[in-house]
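Notes follow the structure.
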Amino acid sequence: MAYVITQRCCNDASCVPECPVDCIRPTPEQREFATTEQLYIDPDTCIDCGACVDACPVEAIFSEDDLSASLARFRDINASYFQRHPLESNFDPLVTPARPPKELGTLRVAIVGAGPAACYAADELLRRADVEVEMFDRLPTPWGLVRAGVAPDHPGTKTVSGMFESAFRRDTLQYHLNVEVGKHVSHEELLAHHHAVIYAVGASSDRQLNVPGEDLPGSHSATEFVAWYNGHPDYADRTFDLSGERAVIVGNGNVALDVARVLTLDPEELAKTDIADHALDALRGSNIREVVVLGRRGPLQAAYTSPEFLALGYLKGIDVIIDPAELELDPASRALLDDPDVEPSLKLKYELAQEYAAKTPNPAHKRIVFRYLTSPTAVTGGDHVEGVDFVHNELVAEDGRVSARATDRTESVSASLVLRSIGYRGEPVPDLPFDEATGVVPNEHGRVVADGAHVPGVYVSGWIKRGPRGVIGSNRVDAQETVEHLIDDFTSGKLTAPQGDRSALKALLTQRQPDLVDREGWKAIDAAEKTAGKSGGRPRIKFTTREDLLKAARG
(Lines give C-alpha, C1' and ligand atoms only; values in the text may rest on other atoms or scores of the structure.)
Protein backbone atom coordinates (compact mmCIF):
# COMPACT_ATOMS: atom_id res chain seq x y z
CA MET A 1 0.00 0.00 0.00
CA ALA A 2 1.24 3.50 -0.84
CA TYR A 3 0.17 7.06 -0.16
CA VAL A 4 -1.16 9.27 -2.95
CA ILE A 5 -1.06 13.06 -3.40
CA THR A 6 -4.37 14.37 -4.74
CA GLN A 7 -6.11 17.38 -6.22
CA ARG A 8 -5.78 19.91 -3.41
CA CYS A 9 -1.94 19.72 -3.28
CA CYS A 10 -0.65 23.24 -2.59
CA ASN A 11 2.94 22.62 -3.73
CA ASP A 12 4.55 24.06 -0.59
CA ALA A 13 6.76 20.94 -0.32
CA SER A 14 6.32 20.58 3.45
CA CYS A 15 6.06 16.84 2.84
CA VAL A 16 9.35 16.48 0.94
CA PRO A 17 11.86 16.65 3.85
CA GLU A 18 9.59 14.49 6.04
CA CYS A 19 9.73 11.46 3.73
CA PRO A 20 12.28 8.98 5.15
CA VAL A 21 12.79 7.27 1.78
CA ASP A 22 12.90 10.42 -0.36
CA CYS A 23 10.09 9.37 -2.72
CA ILE A 24 8.22 12.68 -3.28
CA ARG A 25 8.92 14.65 -6.45
CA PRO A 26 9.60 17.14 -7.78
CA THR A 27 11.60 18.78 -5.01
CA PRO A 28 12.15 22.55 -4.82
CA GLU A 29 15.71 22.05 -6.07
CA GLN A 30 14.56 20.47 -9.34
CA ARG A 31 13.79 22.44 -12.49
CA GLU A 32 10.37 20.79 -12.82
CA PHE A 33 9.22 22.19 -9.46
CA ALA A 34 8.55 25.67 -10.89
CA THR A 35 5.94 24.41 -13.36
CA THR A 36 4.53 21.26 -11.77
CA GLU A 37 0.77 21.05 -11.27
CA GLN A 38 1.23 19.13 -8.02
CA LEU A 39 3.69 16.89 -6.18
CA TYR A 40 3.74 13.09 -6.56
CA ILE A 41 4.62 10.02 -4.48
CA ASP A 42 6.43 7.07 -6.09
CA PRO A 43 4.22 4.04 -5.30
CA ASP A 44 7.11 1.59 -5.70
CA THR A 45 9.24 3.33 -3.06
CA CYS A 46 6.65 4.53 -0.53
CA ILE A 47 6.87 2.55 2.74
CA ASP A 48 3.44 3.54 4.04
CA CYS A 49 4.82 5.40 7.06
CA GLY A 50 2.39 8.34 6.88
CA ALA A 51 4.99 11.01 7.66
CA CYS A 52 3.91 12.99 4.63
CA VAL A 53 0.28 12.95 5.74
CA ASP A 54 1.14 14.64 9.01
CA ALA A 55 3.25 17.25 7.21
CA CYS A 56 0.69 18.20 4.54
CA PRO A 57 -0.93 21.56 5.42
CA VAL A 58 -3.97 21.06 3.16
CA GLU A 59 -4.90 17.41 3.80
CA ALA A 60 -4.11 16.38 0.22
CA ILE A 61 -2.45 13.01 0.93
CA PHE A 62 -4.39 9.75 1.33
CA SER A 63 -3.66 6.06 1.55
CA GLU A 64 -4.48 4.49 -1.82
CA ASP A 65 -7.00 2.27 -0.02
CA ASP A 66 -8.87 5.34 1.26
CA LEU A 67 -9.28 7.20 -2.03
CA SER A 68 -12.84 8.27 -2.81
CA ALA A 69 -14.27 7.75 -6.30
CA SER A 70 -13.45 11.34 -7.26
CA LEU A 71 -9.82 10.89 -6.19
CA ALA A 72 -9.19 7.29 -7.32
CA ARG A 73 -7.58 8.37 -10.57
CA PHE A 74 -4.77 10.06 -8.66
CA ARG A 75 -3.30 6.61 -7.94
CA ASP A 76 -2.42 6.37 -11.64
CA ILE A 77 -1.57 10.07 -11.89
CA ASN A 78 1.11 9.68 -9.20
CA ALA A 79 2.48 6.50 -10.77
CA SER A 80 2.60 7.92 -14.31
CA TYR A 81 4.77 10.82 -13.16
CA PHE A 82 7.51 8.39 -12.16
CA GLN A 83 7.22 6.51 -15.44
CA ARG A 84 8.21 9.79 -17.09
CA HIS A 85 10.65 10.81 -14.30
CA PRO A 86 12.18 7.65 -12.77
CA LEU A 87 13.04 8.22 -9.12
CA GLU A 88 16.65 9.02 -8.43
CA SER A 89 17.42 9.39 -4.77
CA ASN A 90 18.95 12.64 -3.63
CA PHE A 91 20.93 11.32 -0.73
CA ASP A 92 22.40 14.77 -0.08
CA PRO A 93 22.21 15.45 3.64
CA LEU A 94 19.87 18.24 4.66
CA VAL A 95 21.82 21.38 5.52
CA THR A 96 20.46 23.39 8.42
CA PRO A 97 20.52 27.08 7.45
CA ALA A 98 22.84 29.19 9.56
CA ARG A 99 21.30 31.46 12.20
CA PRO A 100 22.59 34.99 12.76
CA PRO A 101 25.13 35.26 15.63
CA LYS A 102 23.49 35.95 18.99
CA GLU A 103 25.61 39.03 19.57
CA LEU A 104 23.75 40.80 16.76
CA GLY A 105 20.66 40.85 18.95
CA THR A 106 17.05 40.60 17.88
CA LEU A 107 16.24 41.08 14.21
CA ARG A 108 13.14 43.24 13.75
CA VAL A 109 11.17 42.80 10.52
CA ALA A 110 7.92 44.37 9.30
CA ILE A 111 5.89 42.33 6.82
CA VAL A 112 3.31 44.22 4.78
CA GLY A 113 0.53 41.82 3.84
CA ALA A 114 -0.97 38.85 5.67
CA GLY A 115 -1.63 36.38 2.86
CA PRO A 116 0.28 33.18 2.07
CA ALA A 117 3.41 34.96 0.78
CA ALA A 118 3.60 37.07 3.95
CA CYS A 119 2.87 34.12 6.22
CA TYR A 120 5.50 31.86 4.65
CA ALA A 121 8.04 34.68 5.01
CA ALA A 122 7.10 35.14 8.67
CA ASP A 123 7.28 31.40 9.32
CA GLU A 124 10.74 31.23 7.74
CA LEU A 125 11.97 34.16 9.83
CA LEU A 126 10.65 32.63 13.05
CA ARG A 127 12.50 29.40 12.32
CA ARG A 128 15.72 31.05 11.21
CA ALA A 129 16.47 33.84 13.68
CA ASP A 130 15.94 35.52 17.03
CA VAL A 131 13.33 37.81 15.56
CA GLU A 132 10.38 40.09 16.22
CA VAL A 133 7.93 40.18 13.33
CA GLU A 134 5.23 42.81 12.92
CA MET A 135 2.60 41.82 10.33
CA PHE A 136 0.46 44.53 8.72
CA ASP A 137 -2.67 44.27 6.61
CA ARG A 138 -5.24 46.84 5.60
CA LEU A 139 -8.09 44.37 6.25
CA PRO A 140 -9.22 43.44 9.77
CA THR A 141 -8.50 39.76 8.96
CA PRO A 142 -5.36 37.83 7.95
CA TRP A 143 -4.73 35.07 5.35
CA GLY A 144 -5.28 37.09 2.17
CA LEU A 145 -6.42 34.91 -0.74
CA VAL A 146 -6.75 31.86 1.51
CA ARG A 147 -9.75 33.64 3.05
CA ALA A 148 -10.89 35.79 0.14
CA GLY A 149 -9.73 33.87 -2.95
CA VAL A 150 -10.01 30.11 -2.43
CA ALA A 151 -13.36 28.79 -3.64
CA PRO A 152 -15.75 27.90 -0.80
CA ASP A 153 -16.19 24.34 -2.09
CA HIS A 154 -12.43 23.74 -1.63
CA PRO A 155 -12.28 23.81 2.20
CA GLY A 156 -9.23 21.55 2.34
CA THR A 157 -7.11 24.19 0.62
CA LYS A 158 -8.01 26.67 3.36
CA THR A 159 -6.59 24.44 6.10
CA VAL A 160 -3.14 25.87 5.31
CA SER A 161 -4.18 28.79 7.56
CA GLY A 162 -4.16 26.37 10.50
CA MET A 163 -0.45 25.80 9.93
CA PHE A 164 0.13 29.55 10.09
CA GLU A 165 -2.00 29.94 13.23
CA SER A 166 0.08 27.28 14.95
CA ALA A 167 3.37 28.87 13.91
CA PHE A 168 2.28 32.36 14.99
CA ARG A 169 1.07 31.59 18.51
CA ARG A 170 4.01 33.25 20.23
CA ASP A 171 4.31 36.98 20.82
CA THR A 172 7.39 37.05 18.61
CA LEU A 173 4.87 37.79 15.85
CA GLN A 174 2.29 40.50 16.35
CA TYR A 175 -0.67 41.38 14.13
CA HIS A 176 -1.44 44.96 13.11
CA LEU A 177 -4.61 44.42 11.09
CA ASN A 178 -6.90 47.13 9.73
CA VAL A 179 -3.74 49.19 9.31
CA GLU A 180 -2.91 50.58 5.89
CA VAL A 181 0.73 51.28 5.11
CA GLY A 182 0.92 54.64 3.37
CA LYS A 183 -2.08 55.93 5.32
CA HIS A 184 -1.70 55.01 8.99
CA VAL A 185 2.05 54.45 8.87
CA SER A 186 4.57 55.37 6.21
CA HIS A 187 7.27 53.30 4.57
CA GLU A 188 9.93 55.47 6.18
CA GLU A 189 8.36 54.97 9.61
CA LEU A 190 8.41 51.21 9.13
CA LEU A 191 12.12 51.38 8.28
CA ALA A 192 12.72 53.54 11.34
CA HIS A 193 11.25 50.83 13.61
CA HIS A 194 12.72 47.75 11.91
CA HIS A 195 15.91 46.42 10.42
CA ALA A 196 13.97 45.41 7.30
CA VAL A 197 10.57 45.53 5.62
CA ILE A 198 9.19 42.74 3.42
CA TYR A 199 6.36 43.67 1.07
CA ALA A 200 4.16 40.68 0.31
CA VAL A 201 1.11 42.52 -1.01
CA GLY A 202 0.19 40.21 -3.87
CA ALA A 203 -1.39 41.30 -7.16
CA SER A 204 -4.67 42.97 -6.31
CA SER A 205 -5.94 44.17 -9.69
CA ASP A 206 -6.88 42.30 -12.86
CA ARG A 207 -6.02 42.45 -16.52
CA GLN A 208 -8.37 44.07 -19.01
CA LEU A 209 -9.82 42.60 -22.22
CA ASN A 210 -9.47 45.96 -24.01
CA VAL A 211 -12.50 45.30 -26.23
CA PRO A 212 -15.59 47.47 -26.89
CA GLY A 213 -18.39 47.04 -24.36
CA GLU A 214 -16.13 45.72 -21.61
CA ASP A 215 -17.48 48.33 -19.18
CA LEU A 216 -21.17 47.59 -19.81
CA PRO A 217 -23.28 46.71 -16.73
CA GLY A 218 -23.14 42.94 -16.40
CA SER A 219 -19.47 42.77 -17.38
CA HIS A 220 -17.08 42.28 -14.46
CA SER A 221 -13.74 40.84 -13.54
CA ALA A 222 -13.61 37.39 -11.97
CA THR A 223 -11.52 39.07 -9.25
CA GLU A 224 -14.61 41.05 -8.17
CA PHE A 225 -16.89 38.03 -8.33
CA VAL A 226 -14.54 35.80 -6.31
CA ALA A 227 -14.07 38.49 -3.66
CA TRP A 228 -17.85 39.00 -3.53
CA TYR A 229 -18.76 35.36 -2.92
CA ASN A 230 -15.93 35.01 -0.41
CA GLY A 231 -17.14 37.94 1.68
CA HIS A 232 -14.31 40.44 1.12
CA PRO A 233 -15.52 43.64 2.82
CA ASP A 234 -14.51 45.82 -0.14
CA TYR A 235 -16.80 43.83 -2.45
CA ALA A 236 -19.73 42.76 -0.24
CA ASP A 237 -22.02 45.43 -1.69
CA ARG A 238 -21.45 44.44 -5.34
CA THR A 239 -24.33 43.03 -7.38
CA PHE A 240 -24.17 40.58 -10.27
CA ASP A 241 -26.97 39.94 -12.75
CA LEU A 242 -27.89 36.26 -12.42
CA SER A 243 -31.27 36.66 -14.10
CA GLY A 244 -30.27 35.21 -17.46
CA GLU A 245 -29.68 31.56 -18.30
CA ARG A 246 -26.12 31.91 -19.62
CA ALA A 247 -22.88 33.41 -18.33
CA VAL A 248 -19.61 33.69 -20.24
CA ILE A 249 -16.19 33.49 -18.61
CA VAL A 250 -13.26 34.76 -20.67
CA GLY A 251 -10.16 32.78 -19.72
CA ASN A 252 -9.81 29.17 -18.66
CA GLY A 253 -7.44 29.07 -15.71
CA ASN A 254 -8.26 27.55 -12.33
CA VAL A 255 -9.99 30.75 -11.18
CA ALA A 256 -12.32 30.50 -14.19
CA LEU A 257 -13.13 26.93 -13.17
CA ASP A 258 -13.82 28.08 -9.60
CA VAL A 259 -16.27 30.68 -10.86
CA ALA A 260 -17.95 28.22 -13.23
CA ARG A 261 -18.50 25.78 -10.36
CA VAL A 262 -19.93 28.41 -8.03
CA LEU A 263 -22.35 29.56 -10.74
CA THR A 264 -23.62 26.04 -11.45
CA LEU A 265 -23.43 24.15 -8.15
CA ASP A 266 -26.61 23.48 -6.23
CA PRO A 267 -26.82 26.37 -3.73
CA GLU A 268 -27.65 23.85 -1.00
CA GLU A 269 -24.22 22.30 -1.57
CA LEU A 270 -22.65 25.74 -1.19
CA ALA A 271 -24.75 26.28 1.95
CA LYS A 272 -22.46 23.77 3.70
CA THR A 273 -19.42 25.99 3.07
CA ASP A 274 -18.20 29.38 4.27
CA ILE A 275 -19.54 31.22 1.22
CA ALA A 276 -20.78 34.71 2.11
CA ASP A 277 -24.48 34.79 3.01
CA HIS A 278 -25.25 37.57 0.52
CA ALA A 279 -23.75 35.47 -2.30
CA LEU A 280 -25.63 32.37 -1.19
CA ASP A 281 -28.91 34.28 -1.21
CA ALA A 282 -28.21 35.62 -4.70
CA LEU A 283 -27.24 32.20 -6.06
CA ARG A 284 -30.41 30.66 -4.66
CA GLY A 285 -32.31 33.01 -6.95
CA SER A 286 -30.02 32.53 -9.95
CA ASN A 287 -31.43 31.50 -13.34
CA ILE A 288 -28.05 30.59 -14.81
CA ARG A 289 -28.02 27.10 -16.28
CA GLU A 290 -25.05 27.31 -18.63
CA VAL A 291 -21.56 28.75 -18.26
CA VAL A 292 -19.43 29.08 -21.40
CA VAL A 293 -15.67 29.17 -20.79
CA LEU A 294 -13.67 30.80 -23.59
CA GLY A 295 -9.99 29.92 -24.01
CA ARG A 296 -7.59 31.71 -26.34
CA ARG A 297 -5.55 28.63 -27.26
CA GLY A 298 -6.20 24.92 -27.67
CA PRO A 299 -6.97 22.12 -25.21
CA LEU A 300 -3.29 21.31 -24.69
CA GLN A 301 -2.47 24.91 -23.84
CA ALA A 302 -5.47 25.50 -21.53
CA ALA A 303 -4.45 27.37 -18.39
CA TYR A 304 -6.36 25.15 -15.94
CA THR A 305 -4.54 22.26 -14.25
CA SER A 306 -5.51 18.68 -14.93
CA PRO A 307 -6.51 18.00 -11.26
CA GLU A 308 -9.02 20.87 -11.31
CA PHE A 309 -10.28 19.83 -14.75
CA LEU A 310 -10.69 16.26 -13.54
CA ALA A 311 -12.74 17.37 -10.53
CA LEU A 312 -15.41 18.91 -12.78
CA GLY A 313 -16.48 15.44 -13.86
CA TYR A 314 -17.69 14.61 -10.34
CA LEU A 315 -20.00 17.58 -9.81
CA LYS A 316 -23.61 16.58 -9.13
CA GLY A 317 -26.16 17.73 -11.66
CA ILE A 318 -23.57 19.38 -13.93
CA ASP A 319 -22.38 18.23 -17.35
CA VAL A 320 -19.07 19.28 -18.90
CA ILE A 321 -19.67 19.94 -22.59
CA ILE A 322 -16.95 19.89 -25.25
CA ASP A 323 -17.55 19.63 -28.98
CA PRO A 324 -15.26 16.84 -30.34
CA ALA A 325 -14.42 19.11 -33.28
CA GLU A 326 -12.77 21.52 -30.83
CA LEU A 327 -10.27 18.80 -29.90
CA GLU A 328 -8.76 18.49 -33.35
CA LEU A 329 -5.09 19.34 -32.94
CA ASP A 330 -2.81 21.41 -35.12
CA PRO A 331 0.40 19.67 -36.29
CA ALA A 332 2.58 21.20 -33.57
CA SER A 333 0.18 20.21 -30.77
CA ARG A 334 -0.22 16.70 -32.21
CA ALA A 335 3.55 16.28 -32.34
CA LEU A 336 3.80 17.43 -28.75
CA LEU A 337 1.13 14.99 -27.60
CA ASP A 338 2.67 12.09 -29.53
CA ASP A 339 6.15 12.72 -28.13
CA PRO A 340 7.01 9.70 -25.91
CA ASP A 341 8.51 12.12 -23.40
CA VAL A 342 5.35 14.23 -23.07
CA GLU A 343 4.53 15.20 -19.50
CA PRO A 344 1.81 12.92 -18.07
CA SER A 345 -0.18 15.93 -16.84
CA LEU A 346 -0.42 17.32 -20.38
CA LYS A 347 -1.54 13.99 -21.76
CA LEU A 348 -4.11 13.67 -18.99
CA LYS A 349 -5.49 17.13 -19.76
CA TYR A 350 -6.25 16.04 -23.32
CA GLU A 351 -7.59 12.62 -22.32
CA LEU A 352 -10.04 14.26 -19.93
CA ALA A 353 -11.25 16.63 -22.65
CA GLN A 354 -11.86 13.62 -24.92
CA GLU A 355 -13.78 11.83 -22.18
CA TYR A 356 -16.02 14.84 -21.58
CA ALA A 357 -16.62 15.20 -25.32
CA ALA A 358 -17.71 11.56 -25.57
CA LYS A 359 -20.36 11.78 -22.85
CA THR A 360 -24.04 12.24 -23.61
CA PRO A 361 -25.32 15.26 -21.66
CA ASN A 362 -28.43 15.11 -19.50
CA PRO A 363 -30.93 17.81 -20.56
CA ALA A 364 -31.95 18.26 -16.92
CA HIS A 365 -28.40 19.15 -15.86
CA LYS A 366 -26.67 22.50 -15.81
CA ARG A 367 -23.74 22.81 -18.18
CA ILE A 368 -20.15 24.06 -18.22
CA VAL A 369 -19.20 24.45 -21.90
CA PHE A 370 -15.54 24.73 -22.92
CA ARG A 371 -14.71 26.59 -26.14
CA TYR A 372 -11.10 26.60 -27.31
CA LEU A 373 -9.21 28.80 -29.77
CA THR A 374 -11.45 31.83 -29.20
CA SER A 375 -10.75 35.48 -28.38
CA PRO A 376 -13.47 38.03 -27.53
CA THR A 377 -13.70 41.00 -29.86
CA ALA A 378 -16.60 42.80 -28.16
CA VAL A 379 -19.01 42.61 -25.28
CA THR A 380 -22.35 43.48 -26.86
CA GLY A 381 -25.53 45.11 -25.57
CA GLY A 382 -27.33 48.42 -25.15
CA ASP A 383 -27.52 49.50 -21.53
CA HIS A 384 -26.59 46.01 -20.29
CA VAL A 385 -24.59 43.00 -21.46
CA GLU A 386 -26.43 40.90 -24.02
CA GLY A 387 -23.63 38.75 -25.42
CA VAL A 388 -20.04 38.33 -26.55
CA ASP A 389 -18.59 38.46 -30.06
CA PHE A 390 -15.47 36.39 -30.56
CA VAL A 391 -13.06 35.36 -33.26
CA HIS A 392 -11.77 31.85 -33.85
CA ASN A 393 -8.02 31.45 -33.58
CA GLU A 394 -5.48 29.12 -35.10
CA LEU A 395 -2.24 28.01 -33.49
CA VAL A 396 1.01 28.82 -35.23
CA ALA A 397 4.50 27.70 -34.30
CA GLU A 398 6.99 30.58 -34.15
CA ASP A 399 10.51 30.42 -32.75
CA GLY A 400 9.73 27.17 -30.97
CA ARG A 401 6.58 28.57 -29.36
CA VAL A 402 2.93 27.98 -30.19
CA SER A 403 0.82 31.14 -30.23
CA ALA A 404 -2.78 31.97 -31.16
CA ARG A 405 -3.52 33.97 -34.29
CA ALA A 406 -6.96 35.29 -35.27
CA THR A 407 -8.67 33.89 -38.36
CA ASP A 408 -11.53 35.40 -40.35
CA ARG A 409 -14.13 33.15 -38.64
CA THR A 410 -16.31 34.90 -36.08
CA GLU A 411 -19.15 33.90 -33.80
CA SER A 412 -21.43 35.33 -31.12
CA VAL A 413 -22.97 33.92 -27.98
CA SER A 414 -25.76 35.50 -25.95
CA ALA A 415 -25.25 36.07 -22.23
CA SER A 416 -26.42 38.38 -19.45
CA LEU A 417 -23.22 38.06 -17.38
CA VAL A 418 -19.62 38.25 -18.60
CA LEU A 419 -16.66 37.67 -16.30
CA ARG A 420 -13.09 38.16 -17.45
CA SER A 421 -10.56 35.82 -15.85
CA ILE A 422 -7.38 36.54 -17.74
CA GLY A 423 -4.96 37.09 -14.88
CA TYR A 424 -4.09 39.24 -11.91
CA ARG A 425 -1.79 42.22 -11.95
CA GLY A 426 0.32 43.90 -9.27
CA GLU A 427 -0.27 47.50 -8.24
CA PRO A 428 2.40 50.12 -7.42
CA VAL A 429 3.51 50.18 -3.78
CA PRO A 430 3.95 53.67 -2.27
CA ASP A 431 7.62 54.73 -2.04
CA LEU A 432 8.87 51.66 -3.91
CA PRO A 433 10.00 51.37 -7.52
CA PHE A 434 7.55 49.64 -9.85
CA ASP A 435 7.80 48.01 -13.27
CA GLU A 436 4.62 48.89 -15.17
CA ALA A 437 5.33 46.36 -17.91
CA THR A 438 5.53 43.34 -15.60
CA GLY A 439 3.43 44.59 -12.69
CA VAL A 440 6.08 43.77 -10.08
CA VAL A 441 8.50 45.63 -7.81
CA PRO A 442 11.96 45.34 -9.42
CA ASN A 443 14.11 42.99 -7.35
CA GLU A 444 17.00 40.56 -7.37
CA HIS A 445 16.00 37.37 -5.58
CA GLY A 446 13.79 39.39 -3.24
CA ARG A 447 16.07 42.40 -2.67
CA VAL A 448 14.31 45.50 -4.02
CA VAL A 449 16.32 47.28 -6.72
CA ALA A 450 16.17 50.95 -7.74
CA ASP A 451 18.48 52.61 -10.26
CA GLY A 452 20.52 49.44 -10.50
CA ALA A 453 21.27 49.17 -6.78
CA HIS A 454 19.72 47.30 -3.86
CA VAL A 455 17.48 49.42 -1.65
CA PRO A 456 18.83 48.78 1.86
CA GLY A 457 16.42 46.94 4.15
CA VAL A 458 13.59 46.57 1.62
CA TYR A 459 12.47 43.19 0.25
CA VAL A 460 9.58 41.58 -1.60
CA SER A 461 8.01 38.14 -1.67
CA GLY A 462 5.12 36.49 -3.49
CA TRP A 463 3.30 37.79 -6.55
CA ILE A 464 4.58 41.37 -6.16
CA LYS A 465 8.06 39.82 -6.44
CA ARG A 466 7.65 37.26 -9.24
CA GLY A 467 4.31 38.03 -10.90
CA PRO A 468 0.91 36.30 -10.48
CA ARG A 469 1.81 32.68 -11.12
CA GLY A 470 1.94 29.55 -9.03
CA VAL A 471 -0.33 28.26 -6.29
CA ILE A 472 -0.44 28.91 -2.55
CA GLY A 473 2.52 26.68 -1.73
CA SER A 474 4.70 28.25 -4.42
CA ASN A 475 5.16 31.13 -2.00
CA ARG A 476 7.08 28.97 0.46
CA VAL A 477 10.19 28.50 -1.70
CA ASP A 478 9.87 32.12 -2.81
CA ALA A 479 9.83 33.30 0.82
CA GLN A 480 12.80 31.12 1.73
CA GLU A 481 14.87 32.85 -0.95
CA THR A 482 13.88 36.34 0.21
CA VAL A 483 14.48 35.57 3.89
CA GLU A 484 17.84 33.97 3.10
CA HIS A 485 19.05 37.23 1.54
CA LEU A 486 17.56 39.32 4.33
CA ILE A 487 19.39 37.30 6.98
CA ASP A 488 22.61 37.46 4.96
CA ASP A 489 22.31 41.26 4.88
CA PHE A 490 21.62 41.37 8.63
CA THR A 491 24.59 39.13 9.40
CA SER A 492 26.94 41.15 7.20
CA GLY A 493 25.93 44.46 8.81
CA LYS A 494 24.09 45.91 5.81
CA LEU A 495 20.88 46.68 7.71
CA THR A 496 20.42 49.82 9.79
CA ALA A 497 19.46 49.29 13.43
CA PRO A 498 15.92 50.51 14.19
CA GLN A 499 15.48 53.82 16.01
CA GLY A 500 12.23 52.80 17.71
CA ASP A 501 11.32 49.56 19.44
CA ARG A 502 8.13 47.48 19.46
CA SER A 503 6.44 49.56 22.19
CA ALA A 504 7.17 52.80 20.34
CA LEU A 505 5.65 51.33 17.19
CA LYS A 506 2.54 50.19 19.05
CA ALA A 507 2.08 53.64 20.55
CA LEU A 508 2.38 55.26 17.11
CA LEU A 509 -0.11 52.85 15.53
CA THR A 510 -2.63 53.17 18.36
CA GLN A 511 -2.57 56.94 17.95
CA ARG A 512 -2.95 56.78 14.16
CA GLN A 513 -5.49 53.92 13.98
CA PRO A 514 -7.69 53.47 17.07
CA ASP A 515 -9.47 50.58 15.28
CA LEU A 516 -6.30 48.51 14.97
CA VAL A 517 -7.02 44.76 15.24
CA ASP A 518 -4.36 42.78 17.07
CA ARG A 519 -4.02 39.06 17.76
CA GLU A 520 -6.77 39.06 20.38
CA GLY A 521 -9.06 40.99 18.05
CA TRP A 522 -8.54 38.50 15.23
CA LYS A 523 -9.11 35.58 17.62
CA ALA A 524 -12.40 37.18 18.64
CA ILE A 525 -13.49 37.56 14.99
CA ASP A 526 -12.46 33.98 14.22
CA ALA A 527 -14.32 32.57 17.22
CA ALA A 528 -17.46 34.59 16.50
CA GLU A 529 -17.59 33.49 12.86
CA LYS A 530 -17.13 29.83 13.79
CA THR A 531 -19.78 30.05 16.49
CA ALA A 532 -22.22 31.62 14.02
CA GLY A 533 -21.61 28.76 11.59
CA LYS A 534 -22.19 25.93 14.05
CA SER A 535 -25.98 26.09 14.07
CA GLY A 536 -26.09 25.64 10.30
CA GLY A 537 -23.42 22.97 10.12
CA ARG A 538 -21.03 25.36 8.38
CA PRO A 539 -17.33 25.95 9.10
CA ARG A 540 -18.03 29.65 9.70
CA ILE A 541 -20.33 32.48 8.70
CA LYS A 542 -18.16 35.39 7.66
CA PHE A 543 -18.64 38.97 8.70
CA THR A 544 -18.54 40.88 5.44
CA THR A 545 -18.42 44.54 6.50
CA ARG A 546 -15.67 46.36 8.34
CA GLU A 547 -18.20 47.52 10.89
CA ASP A 548 -19.24 43.97 11.78
CA LEU A 549 -15.64 42.75 11.76
CA LEU A 550 -14.54 45.52 14.10
CA LYS A 551 -17.53 44.93 16.37
CA ALA A 552 -16.59 41.26 16.62
CA ALA A 553 -12.94 42.18 17.24
CA ARG A 554 -13.99 44.23 20.26
CA GLY A 555 -15.82 41.20 21.62
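Computed over heavy atoms, backbone and side chain alike; hydrogens, waters and symmetry mates excluded. One-based numbering along the sequence shown.
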Which heavy atom in [X] sits nearest to a heavy atom in [Y], and how many Å separate them?
X	Y	value
Gly149	Val226	O-CG1, 3.5 Å
Ile525	Pro140	CD1-O, 3.7 Å
Asn475	Pro116	ND2-CB, 3.9 Å
Pro43	Phe82	CD-CD1, 4.4 Å
Asp435	Pro442	N-CD, 3.9 Å
Phe136	Val179	CD2-CG1, 3.9 Å

List the steps and the verdict of side chain to side chain contact (heavy atoms under 4.5 Å, CB included) for Leu191 and Thr496. CA-CA 9 Å; Leu191 282 175; Thr496 303; over 6 Å; no
Report yes or no: does [X] contribute a side-chain atom to a donor-acceptor pair with the main-chain N or O of [Y] at less than 3.5 Å?
X	Y	result
Arg238	Phe225	no
Ser205	Arg425	yes
Thr510	Ala507	no
Asp478	Ser461	no
Asn178	Val517	no
Asn11	Thr36	yes
Asn78	Phe74	yes
Arg108	His193	yes
Gln38	Pro307	no
Asp42	Leu87	no

Contacts satisfying ring pair (Phe, Tyr, Trp, His ring centres under 6.0 Å) that involve residues 471-490 (not counting sequence neighbours) are His195-Phe490, His445-His485
Starting at [atom1] of [X], measure out to [atom2] of [Y] and round the result to the nearest 0.5 Å.
X	Y	atom1	atom2	value
Thr544	Trp228	OG1	CH2	11.5 Å
Asp515	Glu547	CG	CD	9.5 Å
Leu39	Cys9	CG	SG	4.0 Å
Glu132	Leu173	CD	CG	10.5 Å
Asp526	Arg540	CG	CZ	4.5 Å
Gln301	Lys349	CD	NZ	8.5 Å

Between [X] and [Y], is any pair of side-chain heavy atoms under 4.5 Å apart?
X	Y	answer
Val460	Thr482	no
Thr141	Trp522	yes
Asp130	Lys102	no
Arg147	Asn230	no
Asp12	Met163	yes
Glu18	Ile24	no
Phe543	Leu550	no
Glu37	Tyr81	no

If we ignore angles and hydrogens, is there a donor and acceptor under 3.5 Å between the side chains of [X] and [Y]?
X	Y	answer
Thr305	Asn254	yes
Glu343	His85	yes
Arg469	Ser474	no
Thr27	Glu29	yes

Quick test of your reading of the model: are [X] and [Y] salt-bridged, counting only N-O distances below 4.0 Å?
X	Y	answer
Asp258	Arg261	yes
Asp488	Lys494	no
Glu484	Arg128	yes
Arg447	Asp489	yes
Arg466	Glu481	no
Glu165	Arg519	no
Arg138	Asp234	yes

In terms of relative ring orientation, are Phe164 and Phe168 parallel, tilted or perpendicular, with 30° and 60° separating the classes? parallel
Stepwise side-chain hydrogen bond (donor to acceptor under 3.5 Å, both in side chains) check, Glu427 with Ser204: CA-CA 7 Å; Glu427 288 287 295; Ser204 58; 5.5 Å; no
I would like to know whether Tyr40 and Arg25 meet side chain to side chain contact (heavy atoms under 4.5 Å, CB included); could you show each step before the answer? CA-CA 5 Å; Tyr40 307 88; Arg25 293 292 185 276; 5.7 Å; no
Mark yes when over 12 heavy atoms from residues, nucleotides or ligands other than Asp48 sit less than 6.0 Å from its CG; otherwise mark no. yes
Looking at Glu32, I want to see if its CD is surrounded by more than 12 non-hydrogen atoms of other residues, nucleotides or ligands under 6.0 Å. yes
I need the single residue from Asp274, Leu549, Ile541 that forms a side chain to side chain contact (heavy atoms under 4.5 Å, CB included) with Glu529. Which is it?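 Exactly one candidate clears the test, Leu549.
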Acceptor/donor pairs from residues 50-65 side chains to any protein atom, 3.5 angstrom cut, sequence neighbours excluded:
| from | atom 1 | to | atom 2 | distance (Å) |
| --- | --- | --- | --- | --- |
| Ser63 | OG | Asp65 | N | 3.3 |
| Glu64 | OE2 | Ala2 | N | 3.2 |

When you look at Asp277 and Arg538, which way does the salt bridge (Lys or Arg N to Asp or Glu O under 4.0 Å) test go after all the steps? CA-CA 11 Å; Asp277 280 353; Arg538 302 173 62 183; 2.8 Å; yes
Side chain to side chain contact (heavy atoms under 4.5 Å, CB included) between Thr157 and Val471, intermediate numbers included: CA-CA 11 Å; Thr157 305; Val471 293; over 6 Å; no
Could you go step by step and tell me if Leu310 and Gln7 meet the side chain to side chain contact (heavy atoms under 4.5 Å, CB included) rule? CA-CA 9 Å; Leu310 169 61; Gln7 172 193 342; over 6 Å; no
